[in-house]
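Read through the structure below, which is laid out as structure tokens, and then see the notes.
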Amino acid sequence: MAEGQYPATLAEISLPGSFFARPAQAVAPELIGCRLVKRQPSGALLWGVIVETEAYCQSEPACHGHRRRSPSNETLFGEPGRFYVYVSYGIHHCVNVTTGRSNWANGVLLRAVELPGEPYRVAAGPGLLARRFGIDRSFDATPAHPDQQLWIAPRLEPLSSAELVQASRIGISQGQALPWRWYLRSSRSVSRRVKERPLP
DNA sequence: AATATGATGTAA
DNA sequence: TACATCATATTT
């Protein structure tokens with residue numbers, strides 16, 4: 001594929017609503033290798049490959065919607081395929097995409113993205129990701145669709161299962177037992193990796 | 001690995 | 001008021 005042709009497809013192809021209408025733990029690994037795309041005010045497209053995700057579900061205690069439904073987490077209970085943006089530790093914005101069905105808190109946290117032509121680790125972590133893409137609460141509840149400013153484009157090629165690492169989630173005090181974090185093994189832009197035993 | 005930082009939401 | 005928080009940066 002020609003160099004300049006690649007970004008053009010980003011606005012033409014995006015993940016359909018049906019992709020998000022499934023449990024978060026099914027969607028999260030399939031988002032690895034997909035591309036987060038933002039249309040800049042100039043019209044230029046900023047994009048990067050999603051290399052780390054985590055799934056959250058109302059039934060487990062680490063989920064923002066586990067305890068109560070409130071104005072701040074309302075989007076997580078809404079229809080799938082929208083961005084849920086929250087403020088973490090009062091400082092950082094974190095970007096999720098809603099999954100599942102309405103009235104059931106379910107979503108995938110986008111933890112790291114790798115941007116072509118930029119230094120590694122500029123978006124290696126959910127707060128850094130939101131900062132690099134200029135995403136704040138004004139993006140909360142917006143549909144992940146190319147007729148908006150922010151959406152997700154599918155992978156160009158299938159991902160080898162050997163490239164996918166499954167691990168437990170980060171930064172939570174409850175629900176650590178669930179292995180609901182996924183990342184791209186070959187990426188240098190993953191926020192934190194588990195130590196892997198070398199093959200015998 | 002441990003700690004300082006920071007501000008927002010929620011309960012008391 | 002008090003408290004916990006889906007982090008990050010800086011230090012041992």
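Letters A, B, ... mirror the listed sequences (proteins, then strands); counts begin at 1.
Residue contacts shown for A:Ser191 are absent, as no nucleic acid heavy atom lies under 4.0 Å away. A:Leu109 comes within contact range of at least one nucleobase, with a heavy-atom separation under 4.0 Å. Using a 4.0 Å heavy-atom criterion, one finds that A:Arg68 contacts the sugar-phosphate atoms exclusively.
Between the CD atom of A:Gln25 and the C1' atom of C:dC6 there is a distance of 16 Å, given to the nearest Å. Rounded to a whole Å, the CZ atom of A:Arg137 is 7 Å from the P atom of B:dG9. Taking atom CG of residue A:Leu178 and atom P of nucleotide C:dC6, one finds them 15 Å apart after rounding to whole Å. One interatomic measurement links the two molecules: CD of A:Gln174 to P of C:dC6, which rounds to 10 Å at whole-angstrom precision. Separating the CZ atom of A:Arg131 from the P atom of C:dA9 is a distance of 6 Å, rounded to the nearest angstrom. The NE2 atom of A:His66 sits 16 Å away from the P atom of B:dT10 (whole-angstrom rounding). Distance, A:Ile172 CD1 to C:dA4 C1': 15 Å, rounded to whole Å. Counting to the nearest Å, the P atom of C:dT8 and the CD1 atom of A:Ile170 are 9 Å from each other.
Between the side-chain ring of A:Tyr89 and the base of C:dT5, a stacking contact exists by the 5.5 Å and 30° definition.
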Show the numbers, then the answer: is there a side chain to side chain donor-acceptor pair (under 3.5 Å) between A:Glu79 and A:Thr98?
-> CA-CA 7 Å; A:Glu79 58 185 283; A:Thr98 57; over 6 Å; no

A:Leu46 vs A:Arg132, side-chain contact (heavy atoms from CB on, under 4.5 Å): CA-CA, chis, key distance, verdict | CA-CA 10 Å; A:Leu46 174 67; A:Arg132 180 61 191 89; 3.7 Å; yes

Just do the side chain to side chain donor-acceptor pair (under 3.5 Å) check on A:Arg68 and A:Asn73 with the steps written out, would you?
-> CA-CA 9 Å; A:Arg68 72 205 122 258; A:Asn73 64 22; over 6 Å; no

Determine, stepwise, if the pair A:Arg69 / A:Glu74 fulfils side-chain contact (heavy atoms from CB on, under 4.5 Å).
-> CA-CA 6 Å; A:Arg69 187 169 177 163; A:Glu74 176 62 27; 2.8 Å; yes

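Along DNA chain C, the nucleotide nearest A:Leu129 and the nucleotide nearest A:Gly90 are compared for position; the residue whose nucleotide lies closer to the 5' end is A:Gly90.
Considering only the side chain of A:Leu128, C:dA9 comes nearest among B:dG9, C:dA9, C:dC6. Closest to the side chain of A:Ser72, from the set B:dT10, C:dC6, C:dT8, is B:dT10. Closest to the A:His92 side chain, of the nucleotides C:dA7, B:dT10, C:dC6, is C:dA7. Taking every side-chain heavy atom of A:Ile91 into account, B:dG6 is the closest of B:dG6, C:dT5, B:dT10. Considering only the side chain of A:His64, C:dC6 comes nearest among C:dT8, B:dT10, C:dC6.
If you check C:dC6 for Watson-Crick or wobble pairing at under 3.5 angstrom, you find it has no partner at all.
Under the 6.0 Å distance and 45° angle rule, A:Arg82 does not count as a cation-pi partner of A:Tyr84.
For the pair A:Arg111 and C:dA7, the criterion of a side-chain N or O lying under 4.0 Å from OP1 or OP2 is met.
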